[in-house]
2 protein chains.
Amino acid sequence: MKVTLKTIAQEAGLSITTVSRALAGYDDVNEATRQRVIAIAKRLGYQPNLAARHLRSKQTHTIGMVIPLTSYYSDPFFMELLSGVGRQAAEYGYDLLLSAQQPGEEELIAYRRMVASSRIDGVIVARVWKDDPRIALLREVQHPFVAFGRSNDGNYPHIDVDGLSGMLQLMRHLVERGHRRIALILSPANLVFTAVRYQGYVQGLAEAGLPLRQDYLVEADLSQEGGCAAAQHLLALPDPPTAIVACNDTMAIGALEAARARGLKVGRDIAVAGFDDIPLAAYTDPPLTTVRQPIYEIGRRALDMLIRVIRREPLQEPHVLITPELIVRQSTGGASPAGGQVRV
Amino acid sequence: MKVTLKTIAQEAGLSITTVSRALAGYDDVNEATRQRVIAIAKRLGYQPNLAARHLRSKQTHTIGMVIPLTSYYSDPFFMELLSGVGRQAAEYGYDLLLSAQQPGEEELIAYRRMVASSRIDGVIVARVWKDDPRIALLREVQHPFVAFGRSNDGNYPHIDVDGLSGMLQLMRHLVERGHRRIALILSPANLVFTAVRYQGYVQGLAEAGLPLRQDYLVEADLSQEGGCAAAQHLLALPDPPTAIVACNDTMAIGALEAARARGLKVGRDIAVAGFDDIPLAAYTDPPLTTVRQPIYEIGRRALDMLIRVIRREPLQEPHVLITPELIVRQSTGGASPAGGQVRV
DNA sequence: ACCTTATTCCAAAACGTTTTGGATGTCAAT
DNA sequence: ATTGACATCCAAAACGTTTTGGAATAAGGT
């Protein structure tokens, strides 16, 4: 049998109102009565019906997140972010509602459903696109949200990593190692961070007085397979690059694969670098030089911000920009400059 | 402004009932009327209030999962399972409610809250304990659930991997490679799979006519640090093992670390093996020999089963037992028997 | 003209909670 | 005895949906 406020009220000989208020801690109920109510509630194992509570109070204590069903396997970026968000949500007593969706139309529908069906108090948007319709939607209906990534008009609460700075650090590292022919595997053009990282790449080339070569730019879809194919293409050029930078680690791992398949020893014959520093990056063969985005931490901070937005507290810092850290590993010749000779 | 059934009803000059029934597809509403209602609903961007719907219909189309907040980083096992469950849930149009909790008392409270607050239709329980109170709870209140792992009394819908068979395959592999001194890093004793894998270890020793040595058994907490400490202890023995098997990959990775720190080359000086085949296992240095649990697939199947339980359809196979596959990599000397000489 | 059957609609109840706006009783001060 | 202040309680409304049990009308069969 379901135990509701009514059950307790009958048991205690009180009204539903009083039971509700006793449990909610209002001070217009006698302390002795309250204790009695609490005791009965405990004895009966009362658990409030959250659907009813949400319906009435319009607060769900739930945060929504939509994760794209990209590949067969889980996207390490999202898993990492998810665990950061989940961790911090637990801290505040919030739960997480996830909807896994095919990217595109369905994904947008999922957002619409989430925000309009009043099942969540706020939502975290990750991997922002240019002119992101999800953000347009959330702003239009004024639903609390925090984004990981800033869109064209970044005038909403967000947290982001300075991709330009990160990519620039990486380019300087490669130039210092003697590389003159550096290729870039781009992520899809509709993602905001692609443009930013590309800018870092361009700036890095300019600083070193290197030309920007169109044939050294290939776009792929963030996946390992995509990265592998892109790298194969680059390595098959008549004048192949000595270093390949990928816009995320997963594609960089694909590039490692492509290089190995071609009989090249990464770190000696060719340099490969990624972006993100997913957990796997430290364990690839050879370990991957990359730019560390503290994704887990970002998840936690994004949730902190979101809670404030939900509570309508002012954000002391509505636009957070984190400077990422370059992590040098063996895939670009290792930490010691001695490993830096490149076959040209 | 919130658009509800009432809004549509007014707009269409109909009752709330008719609008509700029109949208729900009942056949006691005129087709022309239905089309009109649908058009208005679409134009107004109607989204049903799910809290209200759940309250009334007692169906939430949501699956619950509690994930333990163990270490700072995310547990790859859970992430993998989560993505399998999430993927399949999306297939059925279900969402996922996650609650991240400290293991122990709080975790049980989270389960209690989830099931009693009628916010979810069913729950997936992972990493089952002996005499698992979560399962006791779920059975007591007769709440739909499917477990990954079987408890003492496995008389409930579950899916499991045959840990005994897996461990036995691994032991045979090591024995065949010439190992006579094989140690085991145990997972916590309250986990069911610990006992099963231990049994496989014991049986493996017996088959090879090897003694069961107490000093070759160390328990650790599933974490990388725990595995590292356990391996350090084993390697410091006066008569150290030539092979170390860990009850999961994460601990095995810790063991790799410990061996490396001691100056041993894993795969030549010592063999290390794990259990799970998490994505990382293929990328460790050297790549880890392990027993593959198809966690993602298991997540999907578990969800399939759960949906059936929720719909009160009979399960054609309430207890699924999957035979895992041995994955031989370099950490035990590689695929070729030539790599199998061990320093004894 | 009358009964039956189908079709199309709806009022009202119910789900379990929170909140509003008092009601009731007590006690001290006038 | 009346007033005001306070402490303690509660009836009823509201949240937005689904479902029950008809009502109203039209059509068809005698």
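Just so we're clear, the structure is a prediction, and the values are computed from it rather than from any experiment.
Counting non-hydrogen atoms of other residues, nucleotides and ligands closer than 6.0 Å to CZ of A:R301 gives a total of 12 or fewer. In the displayed structure, B:D153 atom CG is contacted under 6.0 Å by more than 12 heavy atoms of other residues, nucleotides or ligands.
Distance A:Q10 CD to D:dC10 P: 13 Å, rounded to the nearest Å. One interatomic measurement links the two molecules: NE2 of A:H54 to C1' of C:dC15, which rounds to 15 Å at whole-angstrom precision. Taking atom NZ of residue A:K58 and atom P of nucleotide C:dG16, one finds them 19 Å apart after rounding to whole Å. In this structure, B:K2 places its NZ atom 12 Å from C1' of D:dC15, rounding to the nearest Å.
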Please list each protein N or O that sits under 3.5 Å from an N or O in nucleotides 18-26 of chain D, with the distance.
| unit_1 | atom_1 | unit_2 | atom_2 | d |
| --- | --- | --- | --- | --- |
| D:dT18 | OP1 | B:R53 | NE | 3.0 |
| D:dT18 | OP1 | B:R53 | NH2 | 3.3 |
| D:dT18 | OP2 | B:S20 | OG | 2.9 |
| D:dT18 | O2 | B:R56 | NH1 | 2.6 |
| D:dT19 | OP2 | B:Y26 | OH | 2.8 |
| D:dT19 | O4' | B:R56 | NH2 | 3.1 |
| D:dT19 | O4 | B:T17 | OG1 | 3.4 |

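For B:D132 and B:R150, the salt-bridge test fails: no basic side-chain N is under 4.0 Å from an acidic carboxylate O. Ion pairing between a basic and an acidic side chain is recognised when a charged N comes within 4.0 Å of a carboxylate O; B:R113 and A:D95 show such pairing.
Between A:S15 and D:dC10 there is a side-chain polar atom (N or O) within less than 4.0 angstrom of OP1 or OP2.
Contacts of A:T33 with the nucleic acid, taken as non-hydrogen atoms under 4.0 Å apart, involve only primed sugar atoms and P, OP1 or OP2. Looking at heavy-atom distances under 4.0 Å, B:L14 makes contact with sugar-phosphate atoms alone, never a base.
Aromatic ring orientation, A:Y94 versus A:H61: parallel (interplanar angle below 30°, classes split at 30° and 60°). Classification of the B:H158-B:H319 ring pair by plane angle, with boundaries at 30° and 60°, yields parallel.
Ranking D:dA11, D:dT8, C:dC9 by closeness to the A:N30 side chain, first place goes to D:dT8.
Taking the six-membered ring wherever Trp is involved, the centroid distance between the rings of B:F148 and B:F77 falls below 6.0 Å.
Along DNA chain C, the nucleotide nearest B:D27 and the nucleotide nearest B:A52 are compared for position; the residue whose nucleotide lies closer to the 5' end is B:D27. Each of A:T4 and B:R34 was assigned the nucleotide of DNA chain C with the nearest heavy atom; the assignment lying further toward the 5' end belongs to B:R34.
Put simply, the side chain of A:R300 never gets that close to the backbone of A:G84: no donor and acceptor are under 3.5 Å apart.
Computed from C1' positions of five pairs at each end, the angle between the two local axes of the helix from C:dA1-D:dT30 to C:dT30-D:dA1 equals 70°, rounded to 10 degrees.
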